[in-house]
Amino acid sequence: MCQRASALYLGASSTYISRAMHGFSYRNGSLYCEDVELAALAGEYGTPLYVYSAATILDHYRRLDTALAGVDHEVAYAVKANSNLAVLRLLAVEGAGFDIVSGGELFRVIQAGGDPAHCTFAGVGKTRREIVYALEQGIYSFNVESEEELRYINEVAGELAVIAPVAVRVNPNVDAKTHKYISTGKSENKFGVDITDIAGLYARASKELPNIRLRGLQMHIGSQLTSIAPFIEAVDKVAPLARQLKECHGIEFWSIGGGIGIIYKEALASGSAHWWENQAEPERPLTIEQYGAELVPRLKDLGLKILVEPGRFIVGNAGVLLTRCLYAKQGAAKTFRIVDAGMNDLIRPALYEGHHEIVPLLQPATDARIVMDVVGPICESGDFFCQNRELPDFKPGDYIALMSAGAYGFAMASNYNSRPLPAEVLVDGATACVVRQRQSLRDLIAGEC
Ligand SMILES: *Cc1c(COP(=O)(O)O)cnc(C)c1O
């Protein structure tokens with residue numbers, strides 16, 4: 001279900017592409033994703049609607065790949081951020097590996113043409129069925145989160161008469177300085193094995209667990225890190241251990257995890273090729289070039305293959321959620337705009353106090369702004385996209401975009417309040433494809449009786 005944009009859009013696009021890879025910008029007062037007008041997509045496919053920019057996804061992947069060029073490495077995209085098959089296929093064709101957290105994600109990667117031999121399987125609660133499936137498919141490594149899990153994988157591999165490749169996730173006890181719900185590298189988090197216990201665990205495993213191969217070491221200290229310091233601290237803290245495990249156990253890789261933060265504020269700041277590079281932007285502490293420049297010298301002499309597991313960085317700024325205003329409501333204390341997307345479609349504001357810029361698809365004629373709450377239709381007071389924010393006024397029938405919704409957006413969407421899941425569209429140049437149909441009412445009750 002693909003369509004080419006009209007010749008009018010194509011005509012307007014020629015200077016745009018050469019200027020920047022930045023996926024979303026206004027042209028003649030109308031917001032575009034690459035060469036496709038978003039208001040046209042909203043009209044054609046309805047709202048709420050997720051729209052992704054293929055060029056932006058690939059640009060992010062390539063920039064990270066380039067930033068790590070000085071060291072033997074692989075970019076393993078964290079599937080959980082956005083697991084649409086078309087997004088996975090785009091990255092598989094580009095040569096990405098994949099970091100998965102469930103058997104379902106492995107199935108998706110395989111369906112999208114990804115290679116299980118380039119998949120790492122993370123997560124604290126892998127089930128027997130998932131372990132068996134991953135062994136059958138020949139994944140690159142299980143990233144193991146406890147000794148109990150390591151012993152269980154050894155047992156299952158023994159039953160199947162195969163050797164399971166594993167890496168243990170080290171918890172380096174570093175403060176990622178991010179939201180508490182997405183911090184994972186402190187001792188009090190449920191993730192990984194304490195750094196002081198790792199060497200002993202590898203020694204025991206190599207003696208007692210014949211059906212596993214100690215292939216690597218893994219860590220991941222948190223998500224949406226907006227400063228380089230915690231990455232440096234974690235790498236410096238764990239590097240001697242990685243070196244030691246290579247010498248003693250012949251491990252071949254070290255995954256330093258994902259977590260590279262993105263700019264959520266002022267997503268349409270003008271004048272920068274990539275909005276997260278806007279120098280004036282206060283939320284812009286970390287660039288991908290800085291990430292590479294600081295970490296590559298610390299990693300390149302280890303003689304290990306370095307994996308990174310970015311999710312948000314690849315897809316976050318590459319997606320928007322389009323929604324339409326249903327009602328303008330003047331409450332006793334507040335001004336509300338009620339839109340047709342809800343927290344079931346995009347839960348980040350409710351779950352993590354996540355910020356999404358809100359912009360109209362058609363630029364208003366004046367600069368006038370009013371203070372409002374933009375809320376959804378769900379029966380929860382947490383169902384808001386912003387509170388007390390100064391925004392250009394918009395009215396029932398107008399479309400707005402929630403920016404930077406490409407990561408942990410659709411992937412966390414649910415049917416709460418019996419709302420069908422929104423459709424997803426992938427834009428590539430002047431082509432827009434529906435890569436997931438909007439759910440029907442029938443879909444809502446499929447499997448029930
Ligand atoms: C979620 C997760 C990632 C990706 O995190 P981002 O912040 O999206 O880059 C990487 N590795 C592991 C183990 C994860 O759980």
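When a ligand or atom number is given, it counts from 1 through the structure's own listing order. For the single chain, residues carry numbers from 1 onward in sequence order.
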May I have all residue pairs that pass salt bridge (Lys or Arg N to Asp or Glu O under 4.0 Å) and include part of residues 89-102, sequence neighbours excluded? R62-E94
Centroid-to-centroid, Y264 to H356, below 6.0 Å? yes
With a cut-off of 4.0 Å, which atoms of ligand 1 are near a heavy atom of R312? 6 (P), 8 (O), 9 (O)
Is the shortest distance from a heavy atom of Y408 to ligand 1 less than 4.0 Å? yes
Taking N or O atoms only and a 3.5 Å limit, does S223 qualify as a polar contact for ligand 1? yes
Test of understanding: given a 4.0 Å heavy-atom threshold, classify the contact between E309 and ligand 1 as side chain, backbone, both, or neither. both
For the backbone of F313 and the side chain of H60, can you confirm whether one donor and one acceptor N or O come within less than 3.5 Å of each other? yes
Protein residue, atom and distance nearest to atom 14 (C) of ligand 1, heavy-atom basis: K80 NZ, 2.8 Å
Within the 4.0 Å heavy-atom cut-off, what D99 brings close to ligand 1 is side chain
Counting only N and O atoms by type, is there a donor-acceptor contact under 3.5 Å from the side chain of Y77 to the main-chain atoms of N82? yes
G258 versus ligand 1: do any nitrogen or oxygen atoms come within less than 3.5 Å of each other? no
Polar-atom distance check: G259 versus ligand 1, any N or O pair below 3.5 Å? yes
Please list all pairs passing the ring-ring contact (aromatic ring centres under 6.0 Å, His included) test where one or both residues lie in residues 290-310, with sequence neighbours left out. F231-Y291
Does ligand 1 have an atom under 4.0 Å from some heavy atom of P310? yes
Are the aromatic rings of Y408 and Y352 close, with centres under 6.0 Å apart? no
Could you check whether E149 pairs with R169 (Lys NZ or Arg NE/NH1/NH2 to Asp/Glu carboxylate O, under 4.0 Å)? no
